[in-house]
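Worksheet for the structure shown next.
So that the names make sense, note that chain A is the first sequence line, chain B the second, and so on, each numbered from 1.
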Amino acid sequence: MKPAVLTGEYFMTGDVACAEGALAAGCRFFGGYPITPATEIAERMALRLSHVDGCFIQMEDEIGAMAAVLGASWGGVKSMTATSGPGFSLMMENIGLGICTETPCVVVNVQRGGPSTGLPTHGAQSDMMQARWGSHGHYEIIALAPSSPQEIFYLTITAFNLSEKYRLPVLIMTDEIVGHMSEKVIIPEAKLIEIVSRPRPKGRKDRFKPFAPGPNGVAPMPAAGEGYNLHITGLTHDEKGYPVMAVETQTEMVARITEKIQRNLDDIIRTDDFLLDDAEIAVISYGVSVRTSMAAVAEARKLGIKAGLLRLVTIWPFPEHQICKLADRVKGFVTVEINLGQIHREVERCVGGKVPIFLVGHPGGTIIHPDSVVNLLKEAF
Amino acid sequence: MQEIPKPSKKQPCHPLDDLIRTDRIPHIWCPGCGIGTVFSSCLAALKGSGINLGKTVMVSGIGCSGRAAGYVKLDSFHTTHGRAIPFATGLKLANPELNIVVFSGDGDLFAIGGNHFIHAARRNMDMTVICVNNLNYGMTGGQVAATTPYLAKSTTTPVGNPETPFNLPLMAYACGATYVARWTMLHTRDLTDSITEAIGKKGFSFIEALSPCPVNYGRRNKQKPLDMLKVYQKKAIIKNDADPSTLDIDFEKGIILGKFVDVDRPTFIEHYDKIYRPSRLQENVPGLNS
Amino acid sequence: MDFWRVPLDADTIKVSLGIVHILEDRCKGCGYCIEYCPKQALELSTKFNQKGYHPPVVVKPEECVNCHYCEIICPEFAIFSVESPPITEPGRAGTHPNSAIKVK
């Protein structure tokens, strides 16, 4: 039997580090379905959850997996699932249920080339807009993009903490390359890991409203079987949780689920930079493409091009403010991502035509070579 | 035309009012719809079973029957179409102390959610699944379902259903359900007894409750609300332990009702604990060994 | 439901008696309680409830034997019966308190 936090230094794949991060964050339920390249997360959880008195179940499909994850969360347990593009598509409806019912959980998408079955064993970053808008209706979501096994360990903990704090599904948008890459991962001592758990209700149970927002816009959350007689529905509902088919209720409910994110952007959004302070050209990247971009920026600097990198750790909500600020002082932007311009368009929107913006993209299947970025920097600026 | 009376201020209390969200009554079900009766039967069974209602959860999918979760004054979850069973699976695994009742319709449980039913029964996930079978998709206006009789009319089979319906008890039996029964909403006492028995039993229990849908099914198949009940009365053949393969619904020859399966086998959680969490068995966690 | 045989010891059996309560505004007028009352104690009333349906009305209160069938067949939680304490006088089994009529 091993503890939940395997303090020590390891050589681990991103997928395994993700599973270890989840356990360290307090995840005790995993409902999954095998899919390349995310299967290793399920495999690791299948064994490791039994060490920590948790529960693993391989469901009959990703739809069931996502439903079970939501159920487990209402059962009072931190829960997660992991998948890749085709499974992510199948999970979308229940991710919407999670958003509507304000259910904390974590969904990992180890992205592979698409559309459809695509390239199961080759990475891509082409589900980024699906992460934002994949489920129907208007909502806010949180998505994080790790670029190394070490980072996936930490960001999985962050994902759980954010999901518990803001009561919503949080997406980890990694990719096959990070998922299958082995690197050094340092797991700290358990006491050094900050764990956030969902806000708990106080006061009279019969008057409790499961969707009445607290001071930060988030409602406290009880679990099933605690005597609150909860009614939780995916229909448009009032603060009591009762379905009400009225425009006013719809307006209020959508405001609740969007404002709790919009009001707390500073707490949610994480970015990082590299040689950005004096940069004239800002390279925007995330996930595995950060590795390309860092190498490219370093190379460009050697060639005398003043490039710098803004690394998006939080993809959704989009770090608009950070990019708008940059647009006022740099001469141009380059977005690097393994798709043909998803986050690129968001950057374009924020830059608003102030300076030129270029894309170094790829339809998927391979990491982008730093030379492509360097060549563009040389030609365009 | 008489004057419409004002609601009387002090009404007597229905014996099941303590289990109903009375602030949401009257419910949405149409006049003559049998879901209310099956729901009432389910509540009576919950009450009579003696289980801890504070630890009892009702989970529904989508559709008319799926609205039941919204009327029961227990922890209740109205999930997505077809996903009541996997949602309930997550709840049960997260907290094995919970008693789980899945209350949903035939379209939800056996068409869009059919796969989940099959696997929950195979795993012997500890829950009671009550399927209100009204032979069509009522909420959307009467479309053909996986349970619609051959040649019956619906909005999407305007000339008659070319498909063969499911034999639900056979399916439940074949998938490994440890308790299988079928009643109609007219056989309310038997239905209540069956639900009570199923709730008290560990493992995957399945009860099919035939129920009229006068507005969407009956209207297109020349059946007034009471006609269907009379069919239930005249054509019902109560035959406990009948061979599940003989249970196709045939409104001409007769509808076989009764309790068909009542066996014991270890549940998913019992197996999981034995293999993966032996420490739990020693600690005697409630709900697992009872 | 006219096919029940009368037990031979019917006279000596204490038949339970009930009082029917109708929550009129919950009723949607399906008529199931009326059709399946074994004692035909109910009829559709001519008045309308708040929703515009005709709720049932108890026309033969003395007939109710508190079998609860109206209560359990009702899809609306709109009707139920409670036991009424029988007035037991010597030689008069099962007398309804609201009338002097002996229950058959």
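- Closest approach of C:Phe80 and B:Cys13 over heavy atoms only: CZ-O, 3.1 Å.
- Considering every non-hydrogen atom in both B:Pro31 and C:Tyr53, the closest pair reads CG-OH, 3.4 Å.
- Nearest heavy-atom pair across C:Tyr32 and B:Gly32 is OH-O, 2.6 Å.
- Residues C:Arg26 and B:Thr22 approach most closely at NH2-CG2, 3.5 Å, considering heavy atoms.
- In this structure, C:Lys28 contributes its side chain and B:Trp29 its backbone to a donor-acceptor pair below 3.5 Å.
- Of the inter-residue distances, the one linking C:Ile73 atom CD1 with B:Met185 atom CE reads 4.0 Å to the nearest 0.5 angstrom.
- Using non-hydrogen atoms only and a strict 4.5 Å limit, no part of residues 44-52 of chain B faces chain C.
- Of all residues in residues 60-78 of chain B, none places a non-hydrogen atom less than 4.5 angstrom from a non-hydrogen atom of chain C.
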Determine all donor-acceptor pairs shorter than 3.5 Å in which one atom belongs to a side chain in residues 224-231 of chain B; sequence neighbours excluded.
residue, atom, partner, partner atom, Å
B:Asp227, OD2, B:Lys224, N, 2.8
B:Lys230, NZ, C:Glu35, OE2, 3.4

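- With respect to chain C, the highest number of heavy-atom pairs below 4.5 Å among B:Thr37, B:Asp17, B:Thr192, B:Val38 belongs to B:Thr37.
- Your options are C:Cys27, C:Gly29, C:Cys67, C:Gly31, and the one with the most heavy-atom pairs under 4.5 Å with chain B is C:Cys67.
- B:His27 contributes a side-chain N or O that, together with a main-chain N or O of C:Pro75, makes up a donor-acceptor pair within less than 3.5 Å.
- In terms of heavy-atom pairs under 4.5 Å with chain C, the best-connected choice from B:Ile20, B:Ile25, B:Leu186, B:Leu16 is B:Leu186.
- Distance check: C:His68 NE2 to B:Thr188 OG1 gives 13.5 Å after rounding to the nearest 0.5 Å.
- Residue pairs meeting the salt bridge (Lys or Arg N to Asp or Glu O under 4.0 Å) criterion with at least one partner in residues 52-64 of chain B, sequence neighbours excluded, do not occur; the list is empty.
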